[in-house]
Enquirer: 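Quick one: the structure is below, questions incoming.
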Amino acid sequence: MQKIKLTNKTIFNIACVAIVVILLGYLQATEIENSYAITIIERSCIYAVAAVSMNLMIGFTGQFSLGTAGFMCLGAYITGIFTMPIEIRDQVYYLYGMVSFIHNIQVPLVVALLISGVIGAIIAFLIGWPVLRLKSDYLAIATLGFSEIVRAVLGWDGLGKITNASYGLSNIPAFSSIFQAVIICGVCIALMLLMINSSYGRAFKAVRDDDIAAEAMGINLFKTKQLAFVVSSFFATVAGGLMAVFLRSAATSTFTVALTYNILLMVVIGGIGSVSGSVLGAFLITAGQEWLRFLDKEYYIGSFKVPFTRTGFRMVIFSVLLMLFVLFWNKGIMGSKEFSFDWFKNIYISIKRRIRRKNNA
Amino acid sequence: MTISYFFQQLLNGLSLGGAYALIAIGYTMVYGILRMINFAHGDVFMMAGYFAIYSMAAFPWQLSLPIVIIGTIVLGVVIERIAYKPLRTAPRMSVMISAIGVSYFLENLANYLFTAMPQSYPQIDILKQIHTFGDITVSRVTIIAPIITIVLTFLLMTLVNHTKLGMAMRACSKDQDTARIMGIKVDRVITMTFVIGCGLAAIGSILYFTDRNTVQPYSGSLPGLKCFVAAVLGGIGSIPGAMVGGFIVGICQIAITAAGYSVFSDAFTFVLLIFILIIRPTGIFGEKATDKV
């Protein structure tokens, strides 16, 4: 039997997971006082899945695809339909009445997410056929267009019996605990990470760096792009499903182009081509939008009103910060590197070396 | 459907298409020279709507129209200087992301300065006058819009094909490095491109919003994307193509709304895009380009 080698890295990893579990356990135990923190963490995790799935396309395969919001919208509706409690359905669909063949199907959350992911992947496979032959900017606009088409179709009266048209879905059961949300998101990100580190992932990177050279090396360009698109769409759809569960509702108005831009900015800030960067970006942007909330209030010092702060100022400052990032630090926080514990080791070694040099001198 | 209803809708379509065409020209020119989708162009168009609201509150319309156009041009040039110029040598994706950042910023800025509530667009009496031809009643702007568009497109084509500046623009769009060696000030040409594009967007916004009556911070984003589709449809980089594409997109949108499928009026534009990209990726007027290794 092979003996498990206990390196520093594994110890650190286990310690990190333990700390996270304890922290989440504490939050879960004090759910009522910490509901704000819990919402932020859940939202960040969901965005992290969406951001990593987008990064898989943009950062690792080099295809500028902006269809994330469309797939998320799809996922939100499918998950919503399959998890909504049966007894409440007639009430939600009071106007259209739900079609009978799905009326009595209710499945656990994970199954619903899988169903939506698979449907998202199939649709990605179908639209990838024409769309992925396009070059970068055309691809961007075509996928943006696709997400608008999805929104229009889901909001269409003709599908009212399935999607409840413009009224959207409500009363979707929430996460049973913060653990459920974090674990599902963690598994999704881990799966994508495994994919990126596999031989498929190397093929993605080859296509990104030089598609002609990659083709010459025997990589099927179209199939590789198609695979990346299908996988990325699968997880984007799952992220949309999680979003519906988080918001406890699904409506086409949530999944506008602005959402895609928001996720894109997370990817950019974290670093295009870095999974840990995207996760970091998702957390930073979601939390940052909350931290800057004080800018939205009006303040008075005596009778003097502090200038500028009023509703909307937060987002102005936020977008200025983003622009500064894009202009002056367009590699993002992580660049294309991944987080690793070796960094701390290297910092420790370099500090030690510096001290030694100082002592010698 | 009666014949007068048909003509009524056709006129509406032409008018909307005219406004789209003017914005699409801005996209096509910027794409022709910088090879980037200026995602912020739709939001510049939205800002032009707000400029009109505020300038017309203070000045008579004869004075405020030039103010709107100049204000929009200044905005566009400032955006180019701050957000695009530093990234001239960066990969194309960074420039596109920067454009998305600008679009995000402008929407949030408008949200902050002018609130998210739709504001009513000032009525210019001379544009709003109602004409009646038999059964058809149209406001004057509906008739004027396509005419203005065609005249401006014609002027612009003369500029591009028969002046020194136009020659410089064509040179830059073919090969920037060689153009620079030949003594063309590339940055100045790019600035001029933005001046023309934003000026046309300002005129387009006057035509568009006069018919639609309200402006809100997000009213630029979707028309912006549609106009890009129009530019692709006509063949990106081609000015008459952008005009034709604008008219096609406008007429299609009105036709679908008139047929009772208004939910799909936005989506149809993108279906059109995907079709054209499959059948003829270079657009109606586009030239065939080959990629060099």
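Letters A, B, ... are given to chains in the order of the sequence lines, protein chains preceding strands, and every chain is numbered from 1. Here the structure is a predicted model, which is why all the values come from computation and not from measurement.
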Enquirer: Side-chain contact test, heavy atoms from C-beta onward, threshold under 4.5 Å: evaluate it for A:F313 versus B:N111 and give yes or no.
Expert: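 Answer no - side chains too far apart.
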Enquirer: B:L109 versus chain A, heavy atoms under 4.5 Å apart: side chain, backbone, both or neither?
Expert: both
Enquirer: Heavy-atom count check: over 12 atoms from other residues, nucleotides or ligands less than 6.0 Å from B:F275 CZ?
Expert: no
Enquirer: To the nearest 0.5 Å, what is the distance between CZ on B:F270 and CZ on A:F146?
Expert: 12.5 Å
Enquirer: So do the side chains of A:L144 and B:F228 get within less than 4.5 Å of each other, counting heavy atoms only?
Expert: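 No, every pair of side-chain atoms sits at 4.5 Å or beyond.
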Enquirer: Need one label for B:L222: side chain, backbone, both or neither, based on atoms under 4.5 Å from any heavy atom in chain A.
Expert: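 Just its side chain gets close to chain A.
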Enquirer: Could you tell me which non-hydrogen atom of B:Y104 sits nearest to which non-hydrogen atom of A:S319, and how far apart they are?
Expert: CD2-CB, 3.7 Å
Enquirer: Any chance you could measure A:F64, atom CZ, to B:I37, atom CD1, to the nearest 0.5 Å?
Expert: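 Answer rounded to 0.5 Å: 8.0 Å.
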Enquirer: For the OH atom of A:Y138 and the CD1 atom of B:I236, what is their distance to the nearest 0.5 Å?
Expert: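 CD1 of B:I236 is found 5.0 Å from OH of A:Y138.
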Enquirer: Does any heavy atom of chain A fall under 4.5 Å from the side chain of B:Y218, the backbone, both, or neither of them?
Expert: neither
Enquirer: Using 0.5 Å steps for rounding, measure from the CE atom of B:M93 to the CD atom of A:Q63.
Expert: 8.0 Å
Enquirer: If you look at every heavy atom in B:L277 and A:A142, which pair is closest and at what distance?
Expert: CD1-CB, 4.3 Å
Enquirer: Under 4.5 Å heavy-atom distance to chain B, tell me which part of A:I272 shows up: side chain, backbone, both or neither.
Expert: side chain
Enquirer: So which heavy atom on B:S98 is nearest to which on A:L327, and how close?
Expert: OG-CD2, 4.1 Å
Enquirer: Where is the tightest heavy-atom contact between A:M323 and B:A83, given as atom of each residue plus distance?
Expert: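 Taking every non-hydrogen atom into account, CE-CB, 3.8 Å.
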Enquirer: What part of A:F318 is in contact with chain B, defined as an atom under 4.5 angstrom from a non-hydrogen atom: side chain, backbone, both or neither?
Expert: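 Just the side chain, heavy atoms under 4.5 Å.
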Enquirer: Looking at A:D210, A:L265, A:L322, which makes the most heavy-atom pairs under 4.5 Å with chain B?
Expert: A:L265
Enquirer: What part of A:I141 gets closer than 4.5 Å to chain B, counting heavy atoms only: side chain, backbone, both or neither?
Expert: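 Both parts, heavy atoms under 4.5 Å.
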Enquirer: Heavy-atom distance under 4.5 Å to chain A: side chain of B:S103, backbone, both or neither?
Expert: side chain
Enquirer: Looking at CH2 of A:W156 and OH of B:Y261, how far apart are the two atoms once the value is rounded to the nearest 0.5 Å?
Expert: 6.5 Å
Enquirer: Side chains of A:L66 and B:I100, heavy atoms from C-beta outward: is any pair under 4.5 Å?
Expert: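 Heavy-atom side-chain distance check passes, below 4.5 Å.
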Enquirer: Any non-hydrogen side-chain atom of B:Y112 less than 4.5 Å from a side-chain atom of A:M315?
Expert: no
Enquirer: Relative to chain B, which segment of A:V150 carries a heavy atom at a distance below 4.5 Å: side chain, backbone, both, or neither?
Expert: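 Neither the backbone nor the side chain of A:V150 comes within 4.5 Å of chain B.
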Enquirer: In terms of heavy-atom proximity below 4.5 Å to chain A, should B:F268 be classed as side chain, backbone, both, or neither?
Expert: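 Neither part.
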